[in-house]
Each structure stands twice: as C-alpha cells, then as structure tokens.
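Reviewing the structure listed below.
Lettering follows sequence order; numbering is per chain, from 1.
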Protein chains: 2
Amino acid sequence: MSAETRHERLYHELRNRICMLDYPPGEKLGEEALAAEFGVSRTPLRRVLGRLADEGLVEARHGVGTIVTDVDAREMGQVYALREELAQLSGTLTPAPVTSATIAEVRRFIHSCEMLAEAPDRRAFARFNMDWFAFTQGLIGNEALAEVSERLHFRTTRIWLQAIGRLDLNAEIAAFREEIRQVATALEAGDMAAVGMIRRAHVSMSYRRLSAVM
Amino acid sequence: MSAETRHERLYHELRNRICMLDYPPGEKLGEEALAAEFGVSRTPLRRVLGRLADEGLVEARHGVGTIVTDVDAREMGQVYALREELAQLSGTLTPAPVTSATIAEVRRFIHSCEMLAEAPDRRAFARFNMDWFAFTQGLIGNEALAEVSERLHFRTTRIWLQAIGRLDLNAEIAAFREEIRQVATALEAGDMAAVGMIRRAHVSMSYRRLSAVM
DNA sequence: CCACGTCAGGATGTACACATCTTGCGAACA
DNA sequence: TGTTCGCAAGATGTGTACATCCTGACGTGG
C-alpha cells in the first residue's frame with residue numbers, strides 16, 4: 001500500500017473517531033499508543049496529527065500531549081453562518097447532474113431514516129448524519145465548494161453530538177426526516193437551487209435548536 | 001523562539017515564495033537544501049511542506065522531489081466562481097466595524113497604487129496585490145470566512161502573475177486603482193455590503209480578463 | 001542505430017535515539 | 001501541618017541513519 005493511501009486512511013479514521021466522540025474534547029491522543037495500534041512508527045502518525053492540528057481538530061502541546069480541541073460558541077456561530085450560505089450556494093454553483101441513481105439513493109435515505117426513527121439511538125444517529133453529509137457532498141459540482149464544506153462540517157459536527165443529551169433525539173430525527181423528504185422532492189423535480197434552499201433552511205433551524213440548549 | 005512560531009514563519013515564507021513565483025510551478029524544492037537554508041533539520045521542514053501539500057501548493061513525489069503544483073483552468077474556474085460569492089458574503093456576514101484607521105489605510109492604498117501606476121513593475125504589482133489582499137482580509141469579521149478566503153486566494157493568485165506577461169499591466173493597475181477607489185468610497189459611507197458587491201464585481205472582471213488570455 | 005535492461009545517484013518516506021518541555025508527586029524545611 | 005523546591009516520568013519536538021523509490025544515463029545486444 002502506498003504511503004499516501006495509508007496517510008489518508010489514518011487521517012479519516014482519526015477524524016471519524018474525533019467527530020463520533022470516541023475521542024471527546026480534552027482527550028489525550030498518545031502518539032506512541034496510536035502508532036502501535038496502527039502498526040507504524042511515530043513519524044507517519046505525526047504527519048496525520050499535524051494535518052488534524054492544521055484543521056483545528058487537535059492541538060499538540062509540547063511536553064503534555066496531543067489534545068482533542070473543543071468548539072466554543074462564538075466560533076460555532078460564525079461557522080454556522082457561513083455553512084448556511086454555502087449550503088445555498090451548493091444548489092446554484094454548477095451543481096452535479098441528478099441521475100436516477102441519485103434519486104434511488106435519497107429514497108434509501110428516507111427508508112433508513114424511518115428505521116432510525118423506530119429505534120432511536122445516539123450513535124446510529126451520528127452515523128446517519130455522517131452518511132447523509134457524504135451524500136449531500138456528492139451533489140456539489142464545484143470541487144472548491146465541496147472541499148470547504150467538508151472542512152467546516154468536520155470542524156463543528158461534534159457540537160451536535162455533545163449537545164444531543166440536552167436535545168430531544170426523536171424531534172431531531174423527525175427534523176432530519178423532513179429535510180430528507182424535502183430534498184428528495186426537489187431532486188425529483190431536478191431543481192438543485194431548491195435543494196440548496198432547503199438545506200440552508202435546515203442548517204439554520206438546526207443551529208437555532210442547538211443554540212437554545214447551549 | 002517557540003516551535004510553532006518558527007513553523008508559522010517558514011510556512012509563510014515558503015507560501016510567499018510560491019505565490020510570488022520565486023518558485024514557479026514545476027520547481028523542485030529540495031528538503032535538504034531548504035533545511036540548510038533555514039538552519040533546521042529536515043524534520044520540522046517536512047512538517048511545513050506537508051502543510052503546503054495539504055493545501056495543494058506543492059506535491060511530494062517519493063523518490064523525485066517536492067514539486068510546486070500548477071493550477072489548471074477548470075480548477076481555477078471553480079475557485080473563482082466560489083471566490084466571487086465569498087467576496088460578496090464578506091460584506092454581509094458580520095463585517096468588521098469601519099474605523100477612521102481603516103479609512104486612512106485605504107487612502108494610503110490609493111496613493112501607493114498611483115505610485116505603482118507611474119512605475120509599472122511586475123514584482124511591485126505582485127507585492128501590492130498581496131498587501132491589498134491582507135487589507136481586505138481585515139475587513140472580514142467572520143473568522144471562518146476569512147480562513148476560507150485566504151486558502152482560496154493563495155491557491156490561485158499564482159495564475160495571475162503567470163499570465164501577466166500576456167495581460168496589459170497598465171490596464172491591470174488601472175482596474176486595481178478603480179477597485180480601490182470604489183472600495184474607499186463605500187467604506188467612507190460605512191456600507192460594507194457595498195464593499196462586498198464591489199469586490200465581487202472586480203473578482204468577476206479579473207477572471208474575465210484572465211480567461212481571455214489563457 | 002535503436003531498444004531495452006541495468007545500475008547509480010539522489011530524492012522522499014520511515015524508524016529510532018535523543019533533546020526539550022510540562023506536570024505532578026514527594027521530600028525537606030519553616 | 002502547610003509550603004516550596006526539586007526531580008522523575010512521560011509527552012512532543014528534533015536530528016540522523018537507513019529504507020524505499022524514481023529517473024536518467026550508460027552499456028549491451030539485436
């Protein structure tokens with residue numbers, strides 16, 4: 001396996017663990033321990049941690065450890081304000097073409113969201129959130145926009161899971177289902193601008209619900 | 001000096017060299033040579049090159065070297081489409097307050113742009129472009145937006161300098177002066193939304209002029 | 001003369017030993 | 001008994017030797 005492939009794999013693995021709160025904010029990630037787990041030496045692992053540090057997910061403190069960062073309210077507000085705009089832009093900035101495969105996929109999301117509603121579970125919700133995000137990324141035709149969206153998404157989704165204890169999980173899943181249904185309708189109409197508007201609306205409402213409990 | 005400070009210093013230095021075309025696309029950056037120049041070993045230098053690679057400014061090829069990347073037309077089109085939108089957003093997304101110091105500074109930019117018009121010079125133009133960008137960054141109140149703007153700016157400004165041989169330098173400087181004057185007017189009126197619109201317009205026109213010669 | 005295999009040179013990638021820094025425990029002293 | 005100093009342990013940062021890999025030059029055989 002090439003070095004770059006392995007780097008990418010480790011990066012995504014650690015990013016997922018951080019964003020799924022397997023490593024909650026404040027957690028110390030020992031370089032040696034992680035290197036041993038993945039079967040590499042500290043050197044390539046530090047390359048991965050450096051990238052995570054550049055993106056603000058961890059913070060390396062000399063003599064102390066590599067700490068998972070927290071997200072403060074002010075930063076979250078700014079990021080969400082921008083994410084709202086970007087969600088809308090994803091519908092107008094050279095969107096990807098809608099195919100029948102896209103429609104089929106969004107239908108599967110409706111189904112699995114209803115499954116989730118029948119058996120609410122925090123971790124399953126987190127997983128679903130991740131999958132849905134990956135799907136929406138596929139709708140973006142502008143690579144620069146997709147890259148920026150991804151960066152901001154992973155910078156802030158943790159807050160969501162952290163706060164979910166204070167939120168009504170069933171209500172969140174219901175809101176999710178509503179978003180997916182609306183997006184499905186817009187996709188079937190082939191109206192990507194409408195998709196962008198819908199997603200913007202739901203980003204906004206999500207943030208409102210989140211702010212209320214923080 | 002702390003390790004992080006030095007890292008930041010080297011990062012900005014190399015990024016500037018790349019974006020000022022001191023290292024043109026295709027140039028090989030030898031790790032050992034750079035490490036010797038900056039008086040460090042390869043290890044911390046590789047940390048810097050890794051960050052530049054993550055941002056797409058260089059590409060490390062095993063056994064070959066670390067190569068300064070080029071920017072292809074398609075990518076440039078997508079980035080500029082997004083930069084247009086972000087320029088406009090910078091006027092509406094919690095803009096920074098306008099102070100008398102801001103007004104004074106933009107006046108100085110008008111002056112130095114006129115100096116530049118009297119003695120057109122490619123490198124001075126590049127320098128001026130960098131300084132003006134730094135100033136506009138200060139007008140952005142949303143940190144996330146500022147970070148994204150910076151990333152995209154440094155990803156693509158090189159194209160500008162590469163093409164300037166095929167552009168009319170005097171016309172470019174004139175367009176620049178026009179933008180700055182208009183921004184000054186809007187700033188004096190305290191209308192940040194207008195500043196955003198003006199900057200968007202000039203990003204758009206810049207791209208049109210650039211596309212015409214590539 | 002061309003095609004191809006071989007190999008040497010030099011570059012990045014990796015591993016490890018050591019330097020440096022922070023923290024907390026514990027002993028000594030007021 | 002409380003406080004303070006010192007130090008040991010453990011973490012990240014750095015330097016260096018070595019592994020791995022690409023490229024181009026060279027030589028050889030057709």
(message) Would you call the rings of A:Phe125 and A:Trp160 parallel, tilted or perpendicular, taking 30° and 60° as the class edges?
(response) parallel
(request) Assign the ring pair A:Tyr80 / A:Tyr207 to parallel, tilted or perpendicular, where the plane angle (0 to 90°) is split at 30° and 60°. (result) parallel
(message) Tell me whether the count of non-hydrogen atoms from other residues, nucleotides or ligands lying under 6.0 Å of CD in A:Glu32 goes above 12.
(response) no
(message) Taking the basic N atoms (NZ, or NE/NH1/NH2) and the acidic carboxylate oxygens, is any pair closer than 4.0 Å for A:Asp54 and B:Arg47?
(response) yes
Scan [X] against the nucleic acid and name what it touches under 4.0 Å (heavy atoms): base, sugar-phosphate only, or nothing.
| X | answer |
| --- | --- |
| B:Arg42 | base |
| B:Leu29 | sugar-phosphate |
| A:Arg47 | nothing |

Return the minimal non-hydrogen interatomic distance between [X] and [Y], and the atom names on each side.
| X | Y | result |
| --- | --- | --- |
| A:Glu150 | A:Phe133 | CA-CZ, 3.7 Å |
| B:Leu169 | B:Asp121 | CD2-N, 3.9 Å |
| A:Arg158 | A:Pro25 | NH1-CG, 4.5 Å |

(message) Of all nucleotides in DNA chain D that come within under 4.0 Å of a heavy atom of chain A, which is furthest toward the 5' end and which toward the 3' end?
(response) D:dG10 to D:dT14
(request) Tell me which of A:Val40 and A:Gly63 sits closer to the 5' end of DNA chain C, going by the nucleotide each one is nearest to. (result) A:Val40
(message) Going 5' to 3' along DNA chain C, which are the first and last nucleotides with any atom under 4.0 Å from a heavy atom of chain A?
(response) C:dG13 to C:dT22
(request) Could you check A:His62 against A:Thr43 and say which one's nearest nucleotide on DNA chain D is further toward the 5' end? (result) A:His62
(message) Using the salt bridge (Lys or Arg N to Asp or Glu O under 4.0 Å) criterion, which residues pair with B:Arg200? Sequence neighbours excluded.
(response) B:Glu84, B:Glu85
